[in-house]
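Everything below concerns the one structure shown next.
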Amino acid sequence: MKASGRVGPRRRRGAAVAGLVGLGVGEVVVAARGVSLVDNVGRTLVDWSPRPLVDLTVELLGSRDKTAIRIGVSAAVIATVTGLAGLPSRTRTPAIAALAAATASLALRRPPRSTMATVAAATAGAAVTGVGLSRSPAGVCGDAALAVLGGGLMVAARALLARGRRQHSKLIHAANASPCAGAMPDEAPDDGAEAPAGLAPLITPIGQFYVTDVNLGAPLVDPEGWRLSVRGLVTRPQRWSLAELVAEAEEFDAVMVCIHNPVGGHRVGNGRWRGVPLRAVLERADPSARATTLVTRAVDGFTASFPLEPLRTGEWTGYVVTGLNGEPLPARHGYPARVFVPGVYGQYTGAKWLAELELTAGPHTDYWSPRGWPLLPAWVQPHARIDVPATGAHAGRTVSVAGVAWAPPHGLAGVEVRADGGRWQVADLARELAPSSWRRWRAALDLAPGAHAVQARAISRSGEVQEGRERPPFPLGASGWHTITVRLSP
Ligand SMILES: Nc1nc2c(c(=O)[nH]1)N[C@H]1C(S)=C(S)[C@@H](COP(=O)(O)O)O[C@H]1N2
Ligand SMILES: [Mo]
């Protein structure tokens, strides 16, 4: 074999396969510990991405962004291995070792970490890749067989991770079966609305509730050893067990909105939550007079902070949440506990997978602050979304329009609809569950044959009218009126 020189397509193909098999071996080794190298590297790259790139990815890919990141990271590792194929064998081995070390250190940058498993995986992956690169080039069939093996290992690793998640979810339910749960809602929520097909449910089912975070897979927290510590500038530091929190939790209905939610979008969910009021949690710890800021810190290193005063006085109502829709908080939504201040956009509303509440003096640099987002919590803007009818052709002259609208924390005062920039017409509102909850609405519009632009806007109880000017999510949340096109046949 030549020690260096030009790399032919066969050699490149063989190297790509070696990279894939090596990565597959590494993924299987860590998956047993519930970790993925690819996911953790992806998470670090997301951390390092400039905000406009993150915004663009969210806009273009929506909930498929995580799959795209996984594919991108895997492809980058394989491409790097392919690039190393041309090196003389003397330098190739240290280069592969360096690639493995870089992968491991990128994967270990942020908690939660599994150092031993990550190092073992990177080592195993590098060894397999090294062997693969030093063998003489195989034929198409040999490479194809190895590629299938590598792909199979990647799939097996995802299956192991999924099994770990299922076991965790059983653990969650076992830990919350018995008295500490108390999470079943007293009665099914009802707003009296006759819901046409296509209208969002009053309470968003957990499976449809949007998920947004800076991880590629949810951190799985063991409830047994978990404690919520309340520390920093307090006279009585606290350590809450999950059972203690659950025992004091109250039910509340509220909508949670991601600041990336576009006009008319679905990065929003209306939940029936259970949580301990932050005011009570703070009172027990007794913040010192110097404390000005409450930092909510998660096991993934994410933080979101609040000015302390409005939370202490109850001007802003917040909770340490332990339950959603009659169930313990699902892993993806922050099990075992998260902070939620209804009315504040998701990225400011508190940490999921809560590890501690820290009281500090002076402002705190949060996860999003260095990424250019405003420092203070941003408040959800009043918003009306049209769910019905679907854009497209309709028969008849009267079109029934329906949707959901929200204006937390003060509540929704009204929704108005109009066609083709005409007069705003008041919509009927279904019964309100709570001011912070969303409300379903409907209206009938009489329209002539042809195409019409139908719009809706929300008005909050504090007198705020939803802004019609279109703005992107950065920096204060998207604005503009949701507009659909309805076509009436002649
Ligand atoms: N620990 C942690 N908490 C977090 C985040 C995160 O990345 N890590 N993302 C925030 C953002 S941007 C939003 S919109 C909400 C989303 O909550 P959900 O996924 O339960 O809908 O969680 C917030 N809390
Ligand atoms: Mo978000």
Side-chain angles (χ1 to χ4, degrees), residues 39-40 42-47 49 51 54-55 57-59 62-63 65-66 69 110-112 203-221 226 228 254-262 265-275 295-306 318-325 327-358 366-374 377-381 406 408 438 472-478:
D39 285 13
N40 285 4
R43 183 175 82 149
T44 298
L45 298 183
V46 170
D47 281 357
S49 301
R51 187 198 43 77
V54 174
D55 290 359
T57 313
V58 169
E59 191 183 319
S63 55
D65 54 347
K66 302 197 172 182
I69 293 166
R110 188 153 53 78
I203 297 289
T204 311
I206 284 173
Q208 288 170 34
F209 210 103
Y210 83 97
V211 175
T212 299
D213 53 65
V214 297
N215 305 297
L216 271 77
L220 305 181
V221 178
W226 180 87
L228 170 62
V255 68
M256 184 176 288
V257 192
C258 178
I259 201 162
H260 284 102
N261 189 45
H266 286 77
R267 274 184 184 248
V268 48
N270 195 43
R272 174 153 280 193
W273 312 83
R274 287 189 74 86
V295 182
T296 71
R297 185 171 287 119
V299 304
D300 64 351
F302 179 93
T303 65
S305 67
F306 298 90
Y319 300 87
V320 175
V321 169
T322 55
L324 174 59
N325 295 359
E327 295 197 26
L329 210 51
R332 290 187 308 179
H333 295 289
Y335 183 84
R338 71 186 298 176
V339 168
F340 179 19
V341 178
V344 173
Y345 276 119
Q347 77 179 32
Y348 292 101
T349 206
K352 310 199 271 190
W353 312 290
L354 197 57
E356 65 174 31
L357 299 177
E358 188 192 2
D366 284 326
Y367 180 87
W368 293 104
S369 348
R371 291 163 176 81
W373 289 88
W379 290 85
V380 173
Q381 301 168 43
W406 56 87
W438 74 19
F474 181 80
L476 292 170

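Atoms considered below: every heavy atom in the structure, side chains included; atoms not considered: hydrogens, waters and symmetry mates. Each residue takes its place number in the sequence, starting with 1. For ligands, and for the atoms within them, numbers begin at 1 and follow the listed sequence.
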Quiz item: Just going by heavy-atom distances, which of Asn215, Thr204, Thr212 is nearest to atom 16 (C) of ligand 1?
Solution: Thr212
Quiz item: What atoms in ligand 1 come closer than 4.0 Å to a heavy atom of Ala298?
Solution: 1 (N)
Quiz item: How many angstroms lie between atom OG1 of Thr296 and atom CZ of Phe302, to the nearest 0.5 angstrom?
Solution: 7.0 Å
Practice problem: Just need the protein heavy atom nearest to atom 13 (C) of ligand 1, so name the residue and atom and give the distance. | Solution: Gly346 C, 3.5 Å
Quiz item: When you measure from atom 24 (N) of ligand 1 to each heavy atom in Gly301, Gly269, Gly350, which option holds the nearest one?
Solution: Gly350
Quiz item: Counting from 1, what ligand 1 atoms have a heavy atom of Gln347 closer than 4.0 Å?
Solution: 10 (C), 11 (C), 12 (S), 13 (C), 14 (S)
Quiz item: Between Asp65 and Thr57, does any side-chain donor sit less than 3.5 Å from a side-chain acceptor?
Solution: no
Quiz prompt | Any N or O of Tyr210 closer than 3.5 Å to N or O of ligand 1 | solution = yes
Practice problem: Check each heavy atom of Met256 against ligand 1 and say whether those closer than 4.0 Å belong to the side chain, the backbone, both or neither. | Solution: side chain
Quiz item: Just checking, any donor-acceptor pair under 3.5 angstrom between side chains of Asn270 and Thr204?
Solution: no
Quiz item: Which is closest to atom 6 (C) of ligand 1 by heavy-atom distance: Val299, Val257, Asp213?
Solution: Asp213
Quiz item: Do ligand 1 and Ala351 have nitrogen or oxygen atoms that lie under 3.5 Å from each other?
Solution: no
Practice problem: Have a look at Thr296, Val214, Val339, Val58 and point out the one with the heavy atom closest to atom 7 (O) of ligand 1. | Solution: Val214
